[in-house]
Amino acid sequence: MPSTRGSVPDPGAPGGADQRLRRGARAPAPHPHAPDDRGRPHRIAIVGGGPGGLYTAALLKRLAPDREVTVYERNAPDDTFGFGVVLSDETLGGIEHADPAVHEALKAHFVRWDDIDIVHRGIRHTSGGHRFAALGRRRLLGILHDRCRDLGVDLRFRTEAPPPDRLARTHDLVVAADGVHSAVREAHRDVFRPHVTSHRCRYIWLAADFAFDAFRFEIAETEHGVMQLHGYPYSRPSPDQQPSTRPRGPQHEAASTVIVEMREEVWRAAGFDALDETESTARCAKIFADALGGRPLRSNNSAWTTFRTVVNARWSHGNVVLLGDAAHTAHFSIGSGTKLAVEDALALAACLEERPTLREALGAYEEERRPVVASTQRAARASLEWFEDLGRYVGQPPRRFAFNLLTRSRRVTHGNLRLRDAGFTDSVEREFGCPPGTPPMFTPLRLRGLTLRNRVVVSAMDMYSADDGVPGDFHLVHLGARALGGAALVMTEMVCVSAEGRITPGCTGLYTGRQGGAWRRITDFVHDSAPGTAIGVQLGHSGRKGSTRLMWKGMDEPLPDGNWPLVAPSPLPYRPGSQTPRELTRAQLTDVRQQFRAAAERAAHAGFDLLELHCAHGYLLSGFLSPLTNHRTDAYGGSLERRLRFPLEVFDAVREVWPAERPMTVRVSATDWAEGGTSGEDAVRIARAFAAHGADAIDVSTGQVVAEERPEFGRSYQTPYADRIRHEAGVPVIAVGAISSWDDVNSLILAGRADLCALGRPHLYDPQWTLHAAAEQGYDGPGAPWPAPYRAGSRPPRTGRTDAPRPRLTLHGPRQDV
């Protein structure tokens, strides 16, 4: 199988093991044949002779020269798949600290360059400052072979490893570094519990006998669909080449990795499924003739395959431990396969030195590496899915497309791209329409008759602090403070349309005139004291998730007393112990629809600028949309079109009385994070339906529909759903979900993944989050005006002394005492 190493290297740090190994670089005293009283293993078997296994062997032997370290590799020394390997500066730093000899050998063969070229529709855009280092995979293995032999590692090529159980009996430690198809892992799959996910693209690993000028992404729009090329140089053209932006030297000594990738259906439509290796290689060279300059491609037992993401519930079992691709894989488009394996080796070696027993060492190794790997896999998944859905983005303006590609994993952002190549970032901003000196987040957006001065929304957050549904002084201060903080739009919590539709006794409402008058007090304050800030109301009904305690007294737990009856699309309790709701009758549906209509009229009279219909998070209208919560057999259940019927009826009733010039948005859960629930495709259809009925934007959230959900949390983890809806449904979107920095907001807006970004917790931490974001970026313009009483605080206060004299002279040589 082709190697899964390659492409853009991950910028993450190696996790600290390198520094610890550096401190212990001298070999400790010899160990006895069995593990000593500290539990350090003496007899070690490593299954798999890839970079991870070889580097583990070298480290463990270097730290204890008397160890017996054996590497089993079923292939010959020169057999390898794939061509070039990319390593990050962080990983190289770890190697340098742990084993300078290996680092020096690698350094002599690296090709270094800074540029990424993105070629789309005949236009090439170049972004610099990225700092890549690559070398041939065969060269890397050769360096590690030599190092292992120098240290006395027993390398057994063309040798199948003994069965895992036998190895575990005859060795103190067994390291399974035998790749994505690990036989050692499979022998104990009931313990490791691997989960392997195959993805939607086919790819093939090839090479060209010339050096690309830069890391190159080239897009081919063919009659069969979109295809892409990932290419980078890995062979130094001449022995005296110095690091530079673009490799130089005799072309006959140069080489590049070329990966060709496309969706499965495109691969089949193009006939690749009927071609052999030679024919496939020639066909790829023809399709990407411009990128290759008409040169041929070559293969090395190359075959079309699909990438498999490997995740394991556990990484160790007794004295057996997983490492590298056996434990985890990350898509080649972020180039982290070899990096992760090498960093695994560093961490494993360090933990074995530091911990008194093998069990503790293996536990510490997994504890250290698992969060790093999980973060990398999230980034890799985002990158993989971006390329799977490449056809979604090919119509973007060319510079914006390039920026979108570069920031696809969410690890490269607007901010660090500006540091790497300000000229490129400026060109993207100009194409987007940013005025000079204006970050993307401070550009305006118009929804109907409402112009939002920037792209920041204070997300709707339930405060559970009302009395009989009436917002009080707390709400005035809470929403007023955030309105003064610079966001373009401040949203209320979910405001309930009836007393029975509350989540808790502390929820606000708009089902009485008194409540409407209290809300008018708040909207008047926002409009008078924070001119230019819009305030929006989110209308909803709790459905089966109502009659519960205040969040801090037990989220989603039923009230101990004073419960009210619940209604829902179907009589399904939210979780065991929750109240079972009554299924809504036709007459009750009419009543609920009228409650929403009446609440919308009160919201208009209360002076709200925007109204959002809450159709997410398992509340009443969301309950109609999800097949997991709607089991009705009448006209309001069954197909998605029928499940949409009641939420659309409510939307139409609200839109009818909501002023025509004021926008309406709809909040949806784009996935239930549960098998059989709402899918991404369903979410697009739901968004299209609401847009067709007059929704001006879709607020894209996820989950909280069923208690058994399994969300994939992470930074900006919900934004891919907003991205998909924006591009496939053609409607503006509000992105939410762990967006925590202004850099994230700039990145999402400029890449075209969202039109607005809603942030909740950051605004709880800092009510002036948006104004501080402007100050930190040096922006002072109409997108973030400071309220007049606060303007004196628009610059960070000085701290510490500033009047100390500057050093003027540095003396060299021995200190002269006077």
Side-chain angles (χ1 to χ4, degrees), residues 2-11 51 80-89 91-92 105-119 124-143 203-219 228-261 281 284-285 288-300 302 332-339 402 405-406 412 420-421:
S3 165
T4 57
R5 288 80 166 115
S7 284
V8 181
D10 179 87
T80 184
F81 305 101
F83 298 95
V85 174
V86 182
L87 293 175
S88 69
D89 285 349
T91 303
L92 293 175
L106 292 173
K107 193 166 67 171
H109 295 282
F110 269 130
V111 172
R112 291 185 178 271
W113 73 101
D114 289 337
D115 287 354
I116 297 177
D117 285 346
I118 299 166
V119 183
R124 180 171 74 176
H125 293 287
T126 299
S127 172
H130 296 277
R131 296 180 59 82
F132 293 100
L135 80 165
R137 181 172 169 83
R138 183 170 292 172
R139 176 68 67 183
L140 171 62
L141 293 176
I143 289 169
Y203 70 95
I204 190 169
W205 202 277
L206 304 167
D209 292 323
F210 73 98
F212 278 116
D213 287 341
F215 201 114
R216 187 179 182 105
F217 293 101
E218 179 131 352
I219 312 304
Q228 61 261 22
L229 175 147
H230 312 234
Y232 58 89
Y234 69 83
S235 179
R236 189 186 298 274
S238 61
D240 60 347
Q241 178 194 341
Q242 298 298 315
S244 64
T245 298
R246 296 178 179 272
R248 332 183 274 278
Q251 291 298 307
H252 67 278
E253 296 181 12
S256 296
T257 290
V258 175
I259 304 167
V260 176
E261 184 183 26
T281 303
C284 288
F288 292 100
D290 288 346
L292 301 170
R295 303 176 183 90
L297 291 168
R298 58 183 168 86
S299 62
N300 177 19
S302 303
F332 58 81
S333 62
I334 67 166
S336 289
T338 301
K339 167 189 164 63
L405 187 152
L406 291 171
V412 176
R420 298 177 192 195
D421 190 341

> Quick one: does Tyr203's side chain have a donor or acceptor within less than 3.5 Å of a partner on Phe332's backbone?
Replying inline: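 Checking the backbone N and O of Phe332 against the side chain of Tyr203, no donor-acceptor pair under 3.5 Å is found.
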>> For the backbone of Gly128 and the side chain of Asp421, can you confirm whether one donor and one acceptor N or O come within less than 3.5 Å of each other?
In response: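 Checking the backbone N and O of Gly128 against the side chain of Asp421, a donor-acceptor pair under 3.5 Å is found.
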> Could you walk me through whether Phe217 and Gln228 pass the side-chain contact (heavy atoms from CB on, under 4.5 Å) check?
Replying inline: CA-CA 7 Å; Phe217 293 101; Gln228 61 261 22; over 6 Å; no
>> Between Thr126 and Asp117, is there a side-chain donor-acceptor contact under 3.5 Å, judged purely by atom types and distance?
In response: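 Yes, Thr126 and Asp117 have a side-chain donor paired with an acceptor closer than 3.5 Å.
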> When Phe288 is tested against each of Val119, Val260, Leu297, Ile219 for side-chain contact (heavy atoms from CB on, under 4.5 Å), which residue passes?
Replying inline: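 Of the listed residues Val119, Val260, Leu297, Ile219, the side-chain contact (heavy atoms from CB on, under 4.5 Å) partner of Phe288 is Val260.
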> Yes or no on side-chain contact (heavy atoms from CB on, under 4.5 Å) for Phe110 and Leu135, after CA distance, side-chain angles and deciding distance?
Replying inline: CA-CA 5 Å; Phe110 269 130; Leu135 80 165; 3.4 Å; yes
> Is the ring centre of Phe215 less than 6.0 Å from the ring centre of Phe132?
Replying inline: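 Here the rings of Phe132 and Phe215 have centres that are less than 6.0 Å from each other.
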How long is the straight-line distance from [atom2] of [Y] back to [atom1] of [X], given to the nearest 0.5 Å?
X	Y	atom1	atom2	answer
Glu261	Ile204	CD	CD1	12.5 Å
Thr257	Arg216	OG1	CZ	15.0 Å
Leu406	Arg420	CG	CZ	9.0 Å

>> If you apply the rule side-chain contact (heavy atoms from CB on, under 4.5 Å), what do you find for Phe83 with Arg298, and how did you get there?
In response: CA-CA 10 Å; Phe83 298 95; Arg298 58 183 168 86; 3.5 Å; yes
>> side-chain contact (heavy atoms from CB on, under 4.5 Å), that's the test. Do Leu206 and Asn300 meet it? Break it down for me.
In response: CA-CA 7 Å; Leu206 304 167; Asn300 177 19; over 6 Å; no
Side chain to side chain, [X] and [Y], heavy atoms closer than 4.5 Å:
X	Y	value
Leu140	Leu106	yes
His109	Ile143	yes
Leu141	Pro51	yes

Which atom of [X] lies closest to which atom of [Y], heavy atoms considered:
X	Y	result
Ala134	Pro233	CB-O, 3.5 Å
Phe212	Ser256	N-OG, 2.9 Å
Leu229	Ala291	CD1-CB, 4.5 Å

>> Test of understanding: with side-chain hydrogen bond (donor to acceptor under 3.5 Å, both in side chains), list the residues that count as partners of Ser127, not counting sequence neighbours.
In response: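 Testing Ser127 for side-chain hydrogen bond (donor to acceptor under 3.5 Å, both in side chains), a comparison that skips the adjacent residues, returns His130.
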